[in-house]
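Chain naming here is simple, since letters A, B, ... match the order of the sequence lines and numbering starts at 1 in each.
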Amino acid sequence: MDFLAIFENTVRGLIGEQFIYFGLAAIGLNMHYGYTGLLNFGQAVFMAAGAYGLSMAVVSLGLNFWLGLVLGIIVFPLILSLIMGAPTLRLRADYLAIVTIASSEMFRIIARSPSLDRWTGSSDGLTAFANDFYEMSPFQPGRRYLFGLFIGNQMWVVVVGWALLATVVTLVWAMMRSPWGRVLRAIREDEDAARSLGKNAYWFKMQALMLGGMFGALGGMLRAIGTQSSQPQNFITDVTFFAWVALILGGVAKIGGPVLGAAILYGVLNFTDIALRQMVQSGIMPESIMDGTQVGQVRFMLIGLGLVSLAIMRPQGILGKKEEMALDDH
Amino acid sequence: MTTDFSSSLRMVSQDPGAAKPDPILTTSNVRRSFGGLVAVDVDHLEVQRGVITALIGPNGAGKTTFFNLLTNFDQPDAGTRVFEGRDLSGIPAHKVANLGMVRTFQLTKSLSRMTVIDNMRLGATSQEGEKLGKALLPFTWKRQEAEVTARADELLERFNLSHMREEFAGTLSGGQRKLLEMARALMVQPTMVMLDEPMAGVNPALKQSLLDHVKGLREQGMTVLFVEHDMDMVQEISDWVVVMAEGRIIAEGPPESIANNQAVIDAYLGAHHDSALDLGVE
């Protein structure tokens, strides 16, 4: 068994690209669900907005990279929030849930359509739109960095990602301790109470939907940049639920919850993956129990088992407080 | 010093829909039906400024529905509601609160996972820090926040909740939640306070304190309209009583006389005769 490889892969999961993409998406969900009580089951569509906003701007429209950033991080998520939120935010929470999950699937299926090949690249997606990003990299593409964990371009994505995560976490922290954040929490607790005290609940919910969506778009865009491709397959509903898992694992309505949750989720996924593979290769795991091709599925079973145990033993997540959770019911 | 608040109502006739000398809230022909059921059908009601008016009636009389219509938490099928000279039609509920009419709820809505002091701070209106653009610039709202907090602490002191300041509102007892909700409503600095069953689920020990607080609102010049089942409370603190039954207002008058009103007795105990339409307006 190659213990060094196991260790390296686990660390790569804990602090690497997947952690960053899903950490950002989960921060967005925390804004939606944790602080405002909005049920967004379509975070994937915001991530797709970020990815396609940039890639379509650069590849299909021939616009400049920076304009693509603005489209992907600001314009697309704002339009999406308006479309999804305007008809549903006056209604009960479940309606937004339905609309978001439907929108994310609709977007993916429309983007995949061959008739839109010219714009979205259909199922192949769009590629090579982030050259400007890598040209700015201070790291040499051929070299390995951080004890050999990341090669040059990866290192650049990861460093930018960390900076973005730090910025977004600080931003959310600052916003949630302001009177604005207080109104969001009040809406989460009881929307009618907030309205009876003169707060325009609808507008505050819209703002939260937009902001959380923008954080998700940031994650999706970085993912597209990291792989130099935006493909419909990258935004299947599983993506939304990975972000949810990260949020619940870490702790809902906690500033560090989604970040810690994403790190642990990908740390564990990477660890189980490589550890199981090594066990099969070295013969510790007899082939009668499991072979190399089954590793991918088994690690998700283990994650599922872990989540179920967490739900039983620590439903409030790692950072959550049990007493607070108990106050949920009147 | 005791003031006789009901003196302003001495000359008012005791008919349903009677005109008041100085109404703060006037409604005309307000109707609301759910499917085939007409829940509220009130021809006319005026609520006198500066006094405590009770809205009573048997279960299912439409009191809470009418209450929701007055505060714009529900929209009527027809009719007008005028508060301080402003037509409330089409105004969202949160704006009604900003106009100075604030309500509480039958099932207390304390914001459980927020501290008592944050519950209070939330009530203050026109907060600069509630604008997203300024939320990230604490220097634009720090001063106002300090003023809001000072006002909140004063009210918590008055309502005997200071010792719970930093606790989650969800840890309060039922009676304390009623107190918190009332105190929080006052943070809005309303001219009219609408209380939906303020005594429901409150233990007798706290009852007197709550009653005193409601009287206190009147002494500070606020108008109070409350829905209540507790007849002791109605008798003790109200200056005027409005009785609803089957969606209509069947009687109005000072608390002393209302208990002897034949239409009211019929509504509560069942009419002696078959005709349900005879609502006994004399």
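- Contacts between residues 159-173 of chain B and chain A, defined by a heavy-atom separation under 4.5 Å, are made by B:Phe168, B:Gly170, B:Thr171.
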Could you go through the side-chain contact (heavy atoms from CB on, under 4.5 Å) check for A:Lys205 and A:Glu191 one step at a time? CA-CA 10 Å; A:Lys205 280 156 84 177; A:Glu191 192 182 330; 2.9 Å; yes
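- Within 6.0 Å of NZ in B:Lys207 there are more than 12 heavy atoms belonging to other residues, nucleotides or ligands.
- Salt-bridge formation is not detected for the pair B:Glu181/B:Lys109: no Lys NZ or Arg NE/NH1/NH2 atom is positioned less than 4.0 Å from an Asp or Glu carboxylate oxygen.
- A:Phe215 and A:Phe46 have their aromatic ring centers separated by at least 6.0 angstrom.
- Residues of residues 65-88 of chain B that come closer than 4.5 Å to chain A, counting heavy atoms only, are B:Phe73, ordered by residue number.
- With chain B as partner, the option from A:Pro179, A:Ser178, A:Ser196 having the largest number of non-hydrogen pairs under 4.5 angstrom is A:Pro179.
- Considering only heavy-atom pairs separated by less than 4.5 Å from chain B, the leading option among A:Gly198, A:Gly181, A:Ala201 is A:Gly198.
- In this structure, B:Lys63 contributes its side chain and B:Gly57 its backbone to a donor-acceptor pair below 3.5 Å.
- For a heavy-atom cut-off of 4.5 Å, chain A lies close to B:Thr125, B:Gln127, B:Gly129, B:Glu130, B:Lys131, B:Leu132, B:Ala135, B:Leu136, B:Trp141, B:Glu145 in residues 125-152 of chain B.
- For chain B, the nearby part of A:Leu211 is the side chain; its heavy atoms alone come within less than 4.5 Å.
- Judged by a 6.0 Å distance limit and a 45° cone about the ring axis, A:Arg177 is positioned over the six-membered ring of A:Trp173.
- Contacts of A:Phe204 with chain B are made by side-chain atoms alone, with heavy-atom separations under 4.5 Å and no backbone atom involved.
- Without hydrogens or angle criteria, A:Glu189 side chain to B:Ser112 main chain gives a donor-acceptor distance under 3.5 Å.
- Ring pair A:Phe133/A:Phe65 is tilted by interplanar angle, where 30° to 60° counts as tilted.
- Under a cut-off of 6.0 angstrom, the local environment of CH2 in A:Trp66 is sparse, with at most 12 non-hydrogen atoms contributed by other residues, nucleotides or ligands.
- Once rounded to the nearest 0.5 Å, the distance linking CE of A:Met176 with CG of A:Leu171 reads 12.0 Å.
- The backbone N or O of B:Ile52 sits nowhere less than 3.5 Å from a side-chain atom of B:Lys215 that would complete a donor-acceptor pair.
- Without hydrogens or angle criteria, B:Glu228 side chain to B:Ile56 main chain gives no donor-acceptor distance under 3.5 Å.
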Under the salt bridge (Lys or Arg N to Asp or Glu O under 4.0 Å) rule, what do A:Lys254 and A:Glu324 come out as? Steps first, then yes or no, please. CA-CA 11 Å; A:Lys254 295 285 168 235; A:Glu324 244 174 276; 3.4 Å; yes
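- Of all residues spanning residues 28-45 of chain A, none has a heavy atom less than 4.5 Å away from chain B's heavy atoms.
- Remark: A:Tyr202 OH is packed, more than 12 non-hydrogen atoms of other residues, nucleotides or ligands lying under 6.0 Å away.
- Both tests do not hold together for A:Arg92 against A:Tyr95: distance to the six-membered ring centre under 6.0 Å, angle to the ring axis within 45°.
- The closest donor-acceptor contact from the side chain of A:Arg223 to the backbone of A:Ile20 lies at 3.5 Å or more, if one exists at all.
- Using modelled atom types, no side-chain atom of A:Lys199 and backbone atom of A:Val183 make a donor-acceptor pair closer than 3.5 Å.
- Between the B:Asp118 side chain and the B:Met114 main chain, no donor and acceptor come within less than 3.5 Å of each other.
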